[in-house]
2 protein chains.
Amino acid sequence: MVKRTSFEGDSCPIARSLEAIGDWWSLLIIREALFGVRRFGEFQGKLGMAKNILATRLRALVDLGILKVAPASDGSAYSEYVLTPKGHGVFPVLVALRQWSEEFDDHPEEIATILVDRDKGRPVKKLELHAEDGRVLTAVDTTLKARPRRSRSAG
Amino acid sequence: MVKRTSFEGDSCPIARSLEAIGDWWSLLIIREALFGVRRFGEFQGKLGMAKNILATRLRALVDLGILKVAPASDGSAYSEYVLTPKGHGVFPVLVALRQWSEEFDDHPEEIATILVDRDKGRPVKKLELHAEDGRVLTAVDTTLKARPRRSRSAG
DNA sequence: CTCCGTTGGTTGCATAATGAAACTGGATTG
DNA sequence: CAATCCAGTTTCATTATGCAACCAACGGAG
């Protein structure tokens, strides 16, 4: 099999996520969708991508339950693509990517935008990972454990 | 140009991140590196990827300043790949991907591991985005602003 | 309803990236 | 200095990407 290796059956949740949204365009499509982009032509124009690629990606994202097709919205008989809750759930991933770029990019001056609190217009804080007791955790403060198997009798 | 479109000059920081780590393998390599994997063969064995792809990716990650080559470590004259601070900075991205999978995957029972606080062994909390004043922000609570141009006279 | 431009795609083909396996070369062992 | 392992590189088939051209459905003018 020379197919692009699939992580579909992989037990690592990161690999599973990448299987769904780990390609060049999907995350950018979701980013646009989070900003309210809904129409095929709008995605195509903003992202500057080929229409066939866009069509393929949109279909895949719909199949994955990240986007859903809305029959209409502004009168025209064309359909639109709107985020599902699963799609909205990608937001932290995008924020993490953005903040990584802001912190480590070699040419941060080329970054045109900052993410701000809509109410106050002030920059957001860095994403933080907390322990149950509230401590902030870095990578070395964490480790992996086998997922506790939910017994078949438990509710 | 039929080249895979590059986001190198893009002003969107998300695109810029994807340019660096938005491919199938890079994030998995970084994930392994965060767990202490350092040797070529170790990466290759754990990830089950072709050696040529691994070699290409490792070189790219080194060029990007995400990994660096350490001349030795355990006596053997081979080199190792260790994360730079920039590489460690990817951790939140991986956590975000993991949590997205945990929350929205269609088959969460196939996920083998959970991320826990090393001290307590308890699961970590969800990543949270906070405003400056501490409020938790969701996607709709945020918006983008033009990055304030740092004037050439200001320190 | 027909002409014609726009929106929303699909199809074709060239090129680049991916991947399995074979190959290379240095280091270690004996 | 032969056998073997580690760390890659090369080769070649397959797949994905991307541009361009094509096509179908819609919408307005007449």
Side-chain angles (χ1 to χ4, degrees), chain A residues 1-10 15 18-29 32-33 36-64 67-82, chain B residues 1-10 15 18-29 32-33 36-64 67-82:
Chain A
M1 188 167 55
V2 196
K3 284 184 73 142
R4 187 173 245 192
T5 56
S6 164
F7 304 123
E8 204 171 354
D10 200 297
L18 291 175
E19 174 71 19
I21 54 177
D23 80 284
W24 291 76
W25 290 113
S26 296
L27 281 168
L28 293 177
I29 292 172
E32 295 302 327
V37 171
R38 294 163 155 250
R39 295 286 286 266
F40 185 95
E42 232 181 329
F43 284 110
Q44 208 257 318
K46 298 232 179 191
L47 293 173
M49 64 193 295
K51 297 199 291 180
N52 54 349
I53 311 288
L54 176 57
T56 304
R57 286 287 167 276
L58 288 175
R59 207 177 311 127
L61 291 171
V62 169
D63 288 348
L64 286 164
L67 294 174
K68 64 172 182 289
V69 178
S73 160
D74 62 337
S76 56
Y78 301 113
S79 51
E80 301 187 338
Y81 300 90
V82 297
Chain B
M1 187 168 55
V2 198
K3 284 186 73 142
R4 187 174 246 188
T5 56
S6 165
F7 305 123
E8 205 169 355
D10 199 298
L18 290 176
E19 175 71 17
I21 55 176
D23 80 284
W24 289 77
W25 291 113
S26 296
L27 282 168
L28 294 176
I29 291 171
E32 294 302 328
V37 171
R38 294 162 155 250
R39 295 288 286 267
F40 185 96
E42 232 181 330
F43 283 110
Q44 208 257 319
K46 297 231 180 194
L47 293 173
M49 66 194 294
K51 298 200 290 179
N52 53 348
I53 310 290
L54 176 58
T56 304
R57 286 287 167 275
L58 287 175
R59 207 176 312 126
L61 290 171
V62 169
D63 288 349
L64 287 164
L67 293 175
K68 65 172 181 286
V69 178
S73 160
D74 63 336
S76 56
Y78 301 112
S79 50
E80 301 187 339
Y81 301 89
V82 297

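Because the structure is a prediction, the values reported are computed rather than measured. Each chain gets a letter, A, B and so on, in the order the sequences are listed, and its residues count up from 1.
- Put simply, CG on Leu58(A) is 8 Å from P on dG9(C), counting in whole angstrom units.
- Side-chain atoms of Phe7(B) and Leu28(A), non-hydrogen and from C-beta on, do get closer than 4.5 Å to each other.
- In this structure Ala20(A) satisfies the side chain to side chain contact (heavy atoms under 4.5 Å, CB included) test together with Leu64(A), Trp100(B), sequence neighbours excluded.
- OP1 or OP2 of dG18(D) has at least one side-chain nitrogen or oxygen of Trp25(A) nearer than 4.0 Å.
- Proximity note for Arg39(A) (side chain, C-beta onward) versus dG18(D), dG8(C), dT9(D): the nearest is dG8(C).
- Between the axis at the start and the axis at the end of the helix from dC1(C)-dG30(D) to dG30(C)-dC1(D) there is an angle of 20°, using five pairs per end and rounding to 10 degrees.
- Counting to the nearest Å, the P atom of dT15(D) and the CD1 atom of Ile53(B) are 15 Å from each other.
- Not less than 6.0 angstrom separates the ring centroid of Trp25(A) from the ring centroid of Phe43(A).
- In this structure the side chain of Val62(A) never reaches within 4.5 angstrom of the side chain of Lys68(A), judged on heavy atoms.
- The nearest whole Å value for the distance from the OH atom in Tyr78(B) to the P atom in dC5(D) is 11 Å.
- Taking each heavy atom of Gln44(A) and Met49(A) in turn, the nearest pair found is NE2-O, 2.8 Å.
- Between dG8(D) and Tyr81(B), a contact under 4.0 Å exists linking OP1 or OP2 to a side-chain N or O.
- Of the listed nucleotides (dT17(D), dA20(C), dA22(C)), dA22(C) has the atom at the smallest distance from the side chain of Lys51(B).
- Look at Arg59(B) and you'll find a side-chain N or O under 4.0 angstrom from OP1 or OP2 of dT9(D).
- Atom P of nucleotide dA20(C) and atom CG of Leu54(B) are separated by 13 Å, given to the nearest angstrom.
- For Asn52(A) and dG12(C), a side-chain-to-base donor-acceptor distance below 3.5 Å is present, hydrogens and geometry of angles not being considered.
- Residue Phe40(A) contributes atom CZ, which lies 6 Å from atom P of dG9(C) at whole-angstrom precision.
- You'll find that the side chain of Ala55(B) is closest to dG8(D), out of dT17(D), dG19(C), dG8(D).
- Rounded to the nearest 0.5 angstrom, Leu18(B) CG and Asp23(B) CG are separated by 10.0 Å.
- Rounded to a whole Å, the CD atom of Glu42(B) is 18 Å from the P atom of dC5(D).
- Across the protein-nucleic acid pair, Phe43(B) atom CZ and dA7(D) atom C1' stand 13 Å apart, rounded to whole Å.
- Across dC19(D), dT17(D), dA7(D), the shortest atom-to-atom separation from the side chain of Arg57(A) is found for dT17(D).
- With rounding to whole Å, Leu67(A) atom CG is found 15 Å from dG8(C) atom P.
- Side chains of Leu67(B) and Val82(B) form no contact here, defined as non-hydrogen atoms less than 4.5 Å apart.
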